[in-house]
Q: 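Shown below is the structure under consideration.
Counting starts at 1 for both ligands and their atoms, following the listed order.
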Amino acid sequence: MAQPLKIRRLAGALGAEISGVDLSQDLPDETIAAIRRALVEHQVIFFRDQDLTPARQTAFGARFGPLNIHPYVAGMADHPEVMEIVKEPEDRINFGGGWHSDMSFLQTPAIGSILYAVQVPEFGGDTLFASQAAAYDALSPGLKATLETLSAVHSASREYSAQGHSAQKRKGMSVAEADGYVGEYVHPVVLTHPETGRKALYVNPAFTLRIDGWKTSESKALLDYLFNHCRYEGFTCRFTWAAGSVAFWDNRSVWHFALNDYPGQRRHMRRVTVDPWPAMAEQAREVELARAG
Ligand code: SIN
């Protein structure tokens with residue numbers, strides 16, 4: 001019989017550390033279901049002292065949905081779903097060093113990301129997380145009602161267009177052979193979580209370009225207001241890594257930010273990114289289409 005998970009909350013808005021589970025094992029369905037419940041409830045969950053090869057990390061991630069192959073960042077040669085996120089001692093900029101929600105620039109954004117620490121710096125290199133559900137809850141009824149009528153345009157163009165690609169290379173990331181086209185996709189500004197029904201803001205500074213139907217200049221004041229509001233410290237938690245730590249976050253309600261405060265040291269992480277099951281993606285698209293009228 002599966003052991004119950006031990007769950008310890010880390011902060012008021014989001015985050016919990018889970019112990020009593022070895023993610024390298026072929027876990028029973030009820031343990032996977034309990035991890036999924038913990039993920040959607042706490043929005044980001046953490047595990048310590050894990051030992052995950054790329055194959056084991058892939059096997060664990062695939063229990064939650066099909067794994068994403070990043071369109072612009074090359075995965076490992078023998079595990080294309082696994083992205084190596086490495087900052088070498090001589091690198092100056094880091095991958096993920098700004099508030100964002102993974103893959104919001106796709107038509108069907110990823111539901112979650114699972115990051116495993118292979119090697120961490122002696123100090124620094126923490127990751128910050130911010131609950132976009134808490135950010136939504138804190139808004140006035142008037143602004144909530146207005147935002148519910150809006151959608152926003154997301155794109156990877158700033159990060160992964162020809163210009164963005166060179167920035168990725170400067171971050172030490174190997175760039176995938178993309179087709180050169182970085183598309184734009186529209187998502188509601190307020191996302192209703194398909195599993196909990198809880199609402200969250202779904203715009204982010206890295207990938208949201210503008211409010212749909214508005215000019216970029218018109219969108220700026222509202223987006224700047226939201227981006228500033230969404231990172232208020234009361235909505236955040238902070239995770240200090242050790243080798244073998246794992247973070248699993250829900251991209252539908254969480255922003256994250258990899259801190260770049262460990263000059264001269266090496267940090268090596270591996271990430272798999274979980275897409276929605278096709279039925280869930282279909283449902284989300286129908287809701288989006290209905291909203292768009
Ligand atoms: C990411 O943005 O996926 C990377 C986060 C991190 O390295 O802490």
Side-chain angles (χ1 to χ4, degrees), residues 10 14-15 17 39 43-48 50 52 54 57-58 60-61 64 67-76 79 81-89 91-106 109-132 154 156 158-160 164 167-168 170-176 204-208 230-231 236-263 265-275:
L10 290 191
L14 81 170
E17 200 165 305
L39 173 70
Q43 302 169 74
V44 55
I45 51 179
F46 306 100
F47 304 85
R48 299 269 183 199
Q50 302 294 321
L52 291 181
Q57 186 175 356
T58 304
F60 174 66
F64 297 90
L67 297 184
N68 176 279
I69 299 198
H70 200 289
Y72 309 116
V73 176
M76 295 177 80
H79 293 283
E81 322 79 349
V82 181
M83 274 166 55
E84 299 236 63
I85 300 175
V86 182
K87 182 168 180 272
E88 298 292 355
D91 291 341
R92 302 191 62 138
I93 50 177
N94 67 331
F95 183 82
W99 285 115
H100 65 286
S101 159
D102 289 333
M103 322 304 281
S104 78
F105 54 80
L106 295 181
I111 61 169
S113 301
I114 302 172
L115 190 66
Y116 171 67
V118 179
Q119 181 184 359
V120 299
E122 215 174 292
F123 51 80
D126 293 0
T127 306
L128 306 178
F129 297 88
S131 168
Q132 299 310 295
H154 296 239
R158 284 195 293 245
E159 298 285 323
Y160 300 111
Q168 296 305 322
R170 285 201 307 279
K171 290 175 199 164
M173 303 299 290
S174 35
V175 169
N204 69 85
F207 303 125
T208 307
C230 289
R231 60 176 194 225
T236 68
C237 73
R238 176 175 184 143
F239 187 63
T240 299
W241 298 88
S245 303
V246 172
F248 188 176
W249 61 87
D250 189 331
N251 284 304
R252 297 163 293 188
S253 59
V254 175
W255 278 6
H256 58 285
F257 187 139
L259 293 175
N260 186 7
D261 56 355
Y262 50 100
Q265 299 189 69
R266 187 172 200 270
R267 182 176 184 270
H268 179 186
M269 320 291 276
R270 290 197 192 114
R271 191 181 98 190
V272 296
T273 312
V274 183
D275 281 340

Q: Would a distance-only check, ignoring hydrogens and angles, find a side-chain to backbone donor-acceptor pair under 3.5 Å from Arg252 to Gly112?
A: no

Q: Under the rule for side chain to side chain donor-acceptor pair (under 3.5 Å), what residues qualify as partners of Trp241, not counting sequence neighbours?
A: Thr127

Q: Under 3.5 Å, N/O to N/O: give me all the pairs between ligand 1 and the protein, one per line with atom names and distance.
A:
residue	atom	partner	partner atom	Å
ligand 1	2 (O)	His100	NE2	3.0
ligand 1	2 (O)	His256	NE2	3.0
ligand 1	3 (O)	Arg271	NH1	2.8
ligand 1	7 (O)	Arg267	NH1	2.8
ligand 1	7 (O)	Arg267	NH2	3.4
ligand 1	8 (O)	Thr127	OG1	2.6
ligand 1	8 (O)	Arg267	NH2	2.8

Q: Determine whether the aromatic ring centres of residues Phe46 and Phe129 are separated by less than 6.0 angstrom.
A: yes

Q: Classify the ring geometry of Phe207 against Phe105: parallel below 30°, tilted from 30° to 60°, perpendicular beyond 60°.
A: perpendicular

Q: Could you give me the CA-CA distance, side-chain angles and deciding distance for His100 and Asp102, then say whether side-chain hydrogen bond (donor to acceptor under 3.5 Å, both in side chains) is met?
A: CA-CA 6 Å; His100 65 286; Asp102 289 333; 3.2 Å; yes

Q: I'd like to know if the side chain of Asn204 and the backbone of Ser104 have a donor-acceptor N/O pair within less than 3.5 Å.
A: no

